[in-house]
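Everything on this sheet refers to the single structure shown next.
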Amino acid sequence: EAGVTQFPSHSVIEKGQTVTLRCDPISGHDNLYWYRRVMGKEIKFLLHFVKESKQDESGMPNNRFLAERTGGTYSTLKVQPAELEDSGVYFCASSQGVSQRGHGYTFGSGTRLTVV
Amino acid sequence: GDSVTQMEGPVTLSEEAFLTINCTYTATGYPSLFWYVQYPGEGLQLLLKATKADDKGSNKGFEATYRKETTSFHLEKGSVQVSDSAVYFCALNSGGSNYKLTFGKGTLLTVNP
């Protein structure tokens with residue numbers, strides 16, 4: 001069974017540009033989550049999809065970030081325009097049902113975003 | 001709110017040394033506690049977990065005991081190997097209908113031969 005796949009693995013862009021990160025969850029996993037680790041800080045929750053619907057986007061830092069999951073399969077996270085403070089590692093995770101008490105997550109390897 | 005504090009790294013050890021990575025937490029309710037590990041070039045992987053006080057999670061020679069009285073979940077291994085070199089994250093979920101994980105900042109461990 002393929003795991004959670006994220007690409008690109010690394011992205012270096014200039015401030016003001018647009019970047020789109022992609023996450024392919026495990027096949028059949030309806031729940032998809034994005035987390036982010038800004039350098040030197042904690043990994044923090046960004047948002048949660050159930051199929052194509054956003055259930056919780058309380059962790060999204062501002063309106064420069066747009067997440068989509070058309071068709072309930074893969075998800076994209078677009079940053080437009082990118083700022084220096086957006087640099088970090090963006091993790092995607094999926095679970096078959098909604099994670100109960102934090103269990104059941106499968107994480108991807110992350111996308112390292114560097115904004116220069 | 002919920003928070004996790006883990007010891008700052010980096011930690012550098014020689015092979016076969018004893019490892020402790022401290023983790024303390026603040027949470028409402030009765031949290032589940034986790035250690036995740038990220039090996040170079042790989043995703044976050046669940047290493048071990050504990051769901052109630054005095055539970056001991058263990059995997060791959062690593063252990064951590066859920067200590068409610070000290071709100072701690074320290075990670076230990078008696079004899080580390082070069083292959084244990086990775087970033088280790090302590091995390092919690094505060095339960096109820098909450099599915100989110102709250103992570104610490106991570107500790108980079110390097111084991112030298």
Side-chain angles (χ1 to χ4, degrees), chain A residues 1-10 21-26 29-50 54-60 88-112, chain B residues 1-10 23-53 55 57 59 64 66 73 86-108:
Chain A
E1 176 184 78
V4 176
T5 305
Q6 294 186 244
F7 49 93
S9 56
H10 294 86
L21 314 180
R22 173 167 167 153
C23 170
D24 286 56
I26 290 173
H29 280 197
D30 288 339
N31 292 267
L32 186 148
Y33 316 81
W34 285 96
Y35 283 77
R36 175 175 79 162
R37 183 189 188 203
V38 172
M39 199 53 61
K41 297 197 173 181
E42 301 86 351
I43 300 172
K44 290 196 173 180
F45 170 84
L46 295 179
L47 85 159
H48 169 219
F49 283 98
V50 176
K54 291 177 190 173
Q55 292 296 297
D56 180 350
E57 49 184 334
S58 61
M60 295 287 264
V89 181
Y90 290 76
F91 292 101
C92 176
S94 69
S95 63
Q96 190 164 25
V98 176
S99 168
Q100 300 295 317
R101 295 179 58 85
H103 297 262
Y105 281 93
T106 300
F107 281 89
S109 56
T111 293
R112 180 176 296 277
Chain B
D2 298 342
S3 68
V4 173
T5 303
Q6 61 181 104
M7 65 186 284
E8 298 282 333
C23 172
T24 58
Y25 66 88
T26 302
T28 54
Y30 298 94
S32 294
L33 301 174
F34 307 85
W35 276 100
Y36 277 82
V37 59
Q38 186 178 23
Y39 299 103
E42 299 185 18
L44 280 172
Q45 301 174 23
L46 178 64
L47 180 60
L48 52 84
K49 63 187 178 186
T51 57
K52 62 182 188 297
D55 268 2
N59 186 24
Y66 189 144
F73 193 54
V87 183
Y88 293 82
F89 295 90
C90 186
L92 69 82
N93 170 279
S94 57
S97 60
N98 182 12
Y99 53 82
K100 299 173 193 174
L101 289 170
T102 298
F103 287 88
K105 292 184 178 181
T107 303
L108 173 63

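Just so it is clear: chains get the letters A, B, ... in the order the sequence lines come, proteins before strands, and each one is counted from 1. The shown structure was predicted, so the numbers you read here are calculated from the model rather than taken from an experiment.
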Can you confirm whether B:F89 sits close enough to A:I43 that some side-chain heavy atom of one is under 4.5 Å from a side-chain heavy atom of the other?
yes
Atom CD in A:E42, atom CG in B:L101: separation rounded to 0.5 Å?
13.5 Å
Answer yes or no: does atom NZ of A:K54 have more than 12 heavy-atom neighbours from other residues, nucleotides or ligands under 6.0 Å?
yes
Tell me if the aromatic rings of B:Y36 and A:Y105 count as close, with their centers under 6.0 Å from one another.
no
Between A:S109 and B:G41, what is the shortest heavy-atom contact and its length?
CB-O, 4.2 Å
With no hydrogens and no angle check, just 3.5 Å: does a side-chain donor-acceptor pair link A:S58 and B:K100?
yes
So which of A:H48, A:K44, A:R112 has the biggest tally of heavy-atom pairs under 4.5 Å with chain B?
A:H48
Is B:Q38 close to chain A through its backbone or its side chain, or both, or neither, when contacts mean heavy atoms under 4.5 Å?
side chain
Bottom line for B:T51: the part with an atom under 4.5 Å from chain A's heavy atoms is both
What do you reckon, is CD of A:Q96 surrounded by more than 12 foreign heavy atoms closer than 6.0 Å?
no
Would you say A:R37's side chain and B:K105's backbone share a donor-acceptor pair under 3.5 angstrom?
yes
Relative to chain B, which of A:N31, A:D56, A:V4, A:T106 shows the most heavy atom pairs under 4.5 Å?
A:D56
Start with the C-alpha distance between B:Y99 and A:H103, add both sets of side-chain angles, then the distance that settles ring pair (Phe, Tyr, Trp, His ring centres under 6.0 Å), and finish with yes or no.
CA-CA 8 Å; B:Y99 53 82; A:H103 297 262; over 10 Å; no
Above 12 or not: heavy atoms from other molecules or residues under 6.0 Å from CZ of A:R22?
yes
Between A:G110, A:S9, A:G40, which has the largest tally of heavy atom pairs under 4.5 Å with chain B?
A:G40
Does any backbone or side-chain atom of B:L46 lie under 4.5 Å from a heavy atom of chain A? Answer side chain, backbone, both or neither.
neither
B:Y30, OH atom: more than 12 neighbouring heavy atoms under 6.0 Å
no
